[in-house]
Amino acid sequence: MYAAAPMQNFIRDIIEADLQSGKHASVVTRFPPEPNGHLHIGHAKAICVDFGLATVLAGRCHLRMDDTNPDAEDMEYVAAIQRDVRWLGFDWAEHLFFASDYYEQLYEHALHLIRIGKAYVCSLTEEEMREHRGSLTEPGTESVHRGRTVDENLELFTRMRKGDFAEGEHVLRAKCDMASPNMKLRDPAIYRIKRTPHYRTGNAWCIYPLYDYTHCLSDAFEGITHSICTLEFENNRDLYDWVLNQFEVSAEPSPGTIPCRPRQLEFARLNLSYTMMSKRKLLQLVQEKRVSGWDDPRLPTLAGMRRRGYTPEAIRAFCEMIGVAKNNSLVDVGKLEFCIRDDLNRRSPRVMCVLAPLEVQLDGFPEAGIEPLVVPSFPAELSLPGSRSVPIGSRIFIEQEDFSETPPPEWHRLSPGAVVRLRHAGLIRCEEILRDGTGSVTGLRCRWLGHDEANQAKAKGTIHWVCAETALDVEVRVYDRLFDVEVPESLEQLNPTSLAVLTHCKLEASAAGAECGASFQFERHGYYCADTDSRPGRLVFNRTVTLRDGWTRDDAKDRADTREAALARQEKQRAGAAMAARAPSAAGLEGVERTRAEAYVAAHGVSEAVAVVLAQHRQLGELFEQTVGAGASGKAAQVTANLIANELAGHLSDGPRALPFGGVELAELAGLVTQGTITHGVAKEVLGQLVTRGGRPGDLVAALGGEALSVSELGPLVAAVLAAHPDEVSRYRAGKNTLLGFFVGKLMRASRGKADAKAAEDLLRSRLG
RNA sequence: UGGGGAAUCGUCUAACGGCAGGACACAGGAUUCUGAUUCCUGUUAUCUAGGUUCGAAUCCUAGUUCCCCAACCA
């Protein structure tokens, strides 16, 4: 069962804040797939977020089939989704829901929307609607049907439900805003007529609600508190909120109410290198038979990964490793491979399997032969129980790759005259190469040296082997990445060698009973699991992942990556340097803006960059002029200018608006700073209060107790900070100079921003020195 | 072109305005009957330019790059 992982991310922070503030008593999330395809590793990330967060925060997570489009949905997918979520290790208990169960309720709520004048039946064709929608830059135009009366709409919509109309004749639309800069808000369709039978409701309905209308209401019906989805739905959030805002939040069920007000949060979906994640493309791969089915082990579907030998634990560890954020990122598939190796290492018994056999005749065996070897299933350092019996005879198979007639430097394996260790079975020396008529190698003759300690040092390497007499003849399917390129875009980029079927591989006899799904480490190769095609006597294995290989590893690519990155950095620096020529200057402005900027610099000594900001933003400039008018001059004027351009501008970033204070207050504030009554930090805080509730700076400072501390008051604070952080003190004294900022920070916190940081820094330095 | 998002080691991801941290990858070393595992050690990053500040990855201004939005799909 799922063990709660940390799942520390920004979404968790938001939910915890909502819990903390009492907005919600407990968290309720949902995972809402449409049952029109199989789940893949990208869904696994979403499942880990939705279910994982609910588990960690002691809430609950619903599984909801978002089945509002009868075209491709199917019960088979519903079953597969449930199986996959469960396999991943999550449990929705009794909270399995279907959007299709809400059809009646959704219909009643649509009626409410019509009654309050927020929805209308539109009879434009699909194409006309597209034309009316406008473009990204131009507003849309309203439909002629937008003015239909409530009664007309009610009648038309009930007749739509009754089946009086053909597909496409009418749609129900939300009456939002055809001129909205957000395209999603330009009167989106919320119901359409569809004659396709639904896999659950059959022909009971011929109108179906659309996603933006259905999803938010389904969330509300179920009491979802946080509706977590992927980034591409950010644009839909306004609509999500718009729909819900048309209803009153009330525990009393009615067409005009919803029981709770959920909030939508978005995170970046998973992209994996060398992998394709789009449902559509995956479907195409299956339909065009480029792969064997939804569970082809090369596919990133959970069904495929399960068949390939991936474990739920590894996939969950992967999801935890990659984190949750809003960056569009491309995760290296190597991270997934690390997770599965890490997991399988601890759970897969070791066996020996020769993929490409080379027969070896062993001389020097005792006359009577030797007993089967009993060897551990796991290396000692794992301290796991289990052993197996491994027969050996005078004929064995070794890997063709483990023999080289002309070995390269650093070769640890067999070569003419060389000694290697047979895993668990003593040393051999290669004495003769056997060839066929054409001269190619058909086998070797080696001398078995037994476990002679004197020869130990001669063996540089250990190779695996299988007894020829008792070897199992098995099939091994060796998978490689499905695509050739890091970010595949077309099916033409398929890797032609993504599957190699190896037959007549030689597996040690102890694995004869391997059941489907059983996972092994084929020593020195990788992790393999028995495929669903595997039968007793006809075993078939899938390569899950190779072992890490420090010998043949090709790191040329990584070196190239690093070099490219360095070049890219240099390029950026150059571009930046070129940009420096365009640093803000009054001379770069035109007309009144230029005149104003120049005046601010000349008359008040305002820095050029700040003057430019004030000149370009009318409200800021006016406020500055008022402040000067109220008596701020010289140093005070400059302080004001900086405060306005750097602090106030942030409060006003959504555009100009009325402020509850003016130049008089700002002049007073600047005066407090220039007189040394308050620090710059306190001034920023006071300005923030001024913006939100107005008032007189003098009063605000008094209420805050914000007068600057005298130097004599600093001493005890410094002592306290140093006493509280002995480790940091010794690290600083050991040379970690950047810690000075750490101490200053602590001190500023302790003084609530009232300390003179410069003086404090000097004091700290002398005390630490 | 309007709107909405995002920019931190090669990759993924952290850091109330105060120590740029972790993981993967890579390199070196130790251990090893798997060129594996394990264990040390190390290299490498705040998109650019200006500004504010004692102090900026974080705040301000301007710019650059990438992603999403014009289904009666979800």
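From a predicted model like this one, the values you see are computed outputs, not experimental measurements. Throughout, protein chains are lettered first and strands after them, A, B, ... in sequence-line order, and every chain is numbered starting at 1. Values reported hereafter were calculated over all heavy atoms of this structure, with side chains retained and with hydrogens, waters and symmetry mates removed.
Considering only side-chain atoms of A:L547, the nucleotide from B:U34, B:U8, B:G35 that sits closest is B:U34. Comparing B:C72, B:G50, B:C69 by their nearest atom to the side chain of A:A609 picks out B:G50. Picking from B:C33, B:G4, B:C72 the nucleotide with the shortest atom distance to the side chain of A:T462 gives B:C33. When each of B:G5, B:C33, B:A74 is scored by its nearest atom to the side-chain atoms of A:K326, the top-ranked nucleotide is B:G5. Distances from the side chain of A:P181 to the nucleotides B:A74, B:G3, B:G50 place B:G3 closest.
Aromatic stacking of A:H215 on B:A74: not satisfied for centres closer than 5.5 Å together with planes under 30 degrees. The aromatic ring of A:F742 does not sit over the base of B:G18; the criterion of centres under 5.5 Å apart with planes under 30° is not met.
Residues from residues 266-273 of chain A that place a heavy atom under 4.0 Å from any atom of RNA chain B: there are none. Within residues 337-344 of chain A, the residues approaching RNA chain B are A:F338, by heavy-atom distance under 4.0 Å.
For the residue pair A:H725 / A:R731, no side-chain donor-acceptor distance below 3.5 Å is found, with atom types taken as modelled. In this model, a donor atom of one side chain and an acceptor atom of the other lie less than 3.5 Å apart for A:Q264 and A:E266. Between the side chains of A:E232 and A:T230, at least one donor-acceptor pair of N or O atoms lies under 3.5 Å.
Here A:S329 does not reach the OP1 or OP2 of B:U11: none of its side-chain N or O atoms lies under 4.0 Å away. Neither OP1 nor OP2 of B:U37 sits under 4.0 Å from any side-chain N or O of A:R524. Taking 4.0 angstrom as the limit, A:N327 places a side-chain polar atom (N or O) nearer than this to OP1 or OP2 of B:U13. In this structure, A:R192 reaches the B:C73 phosphate: one of its side-chain N or O atoms is under 4.0 Å from OP1 or OP2.
Atom P of B:U58 sits at a distance of 14 Å from the matching atom of B:A20, rounded to the whole Å. Look at the P atom in both B:U1 and B:C66: the space between them is 12 Å, to the nearest Å.
Residue-level contact check: A:E138 touches neither bases nor backbone, having no heavy atom under 4.0 Å from any strand. Base engagement by A:F233 is indicated by at least one non-hydrogen atom pair under 4.0 Å involving a base atom. Among the heavy atoms of the strands lying under 4.0 Å from A:H617 are primed sugar atoms or P, OP1, OP2 only; no base atom is included. No contact: A:E167 has no heavy atom under 4.0 Å from any strand. As judged by a 4.0 angstrom heavy-atom cut-off over every strand, A:E232 is placed among residues touching the sugar-phosphate backbone only.
Looking at A:E381, its side chain has no donor and acceptor atom pair within 3.5 Å of the base of B:U32. Between the side chain of A:R548 and the base of B:U37, no donor-acceptor pair under 3.5 Å is found. At a cut-off of 3.5 angstrom, the base of B:G5 holds no donor-acceptor pair with the side chain of A:N235.
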Each nucleotide of nucleotides 52-60 of chain B classed B (base within 4.0 Å of a protein heavy atom), S (only sugar-phosphate) or -, in 5' to 3' order, makes SSB----SB
Working note: A:E234 + A:K326, criterion salt bridge (charged side-chain N to carboxylate O under 4.0 Å, His left out); need CA distance, chi angles, decisive distance, verdict.
CA-CA 11 Å; A:E234 274 178 321; A:K326 295 187 82 161; 3.0 Å; yes
Starting at the 5' end of RNA chain B, what dot-bracket string do you get if Watson-Crick and G-U pairs under 3.5 Å are bracketed, crossing pairs use [ ], other-strand pairs use | and unpaired bases use dots?
.((((((..((((....[..)))).(((((.......)))))....(((((..]....))))))))))).....
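Classified by its glycosidic torsion, B:A71 falls in the syn category, the angle being within 90° of 0.
A salt bridge does not link A:E126 with A:R130: none of the charged nitrogens is closer than 4.0 Å to a carboxylate oxygen. Ionic pairing of A:E508 and A:R423 is not present here: no N-O contact between side-chain nitrogen and carboxylate oxygen is shorter than 4.0 angstrom.
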In residues 735-742 of chain A, what donor-acceptor pairs under 3.5 Å come from side-chain atoms, sequence neighbours left out?
none

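In the displayed structure, A:R195 atom CZ is contacted under 6.0 Å by more than 12 heavy atoms of other residues, nucleotides or ligands.
Applying the salt bridge (Lys or Arg N to Asp or Glu O under 4.0 Å) criterion to A:D762, with sequence neighbours excluded, gives no partner residue.
Between A:Y240 and A:F233, the gap from one ring centroid to the other reaches at least 6.0 Å. For A:H525 and A:H464, the gap between ring centers is short of 6.0 Å.
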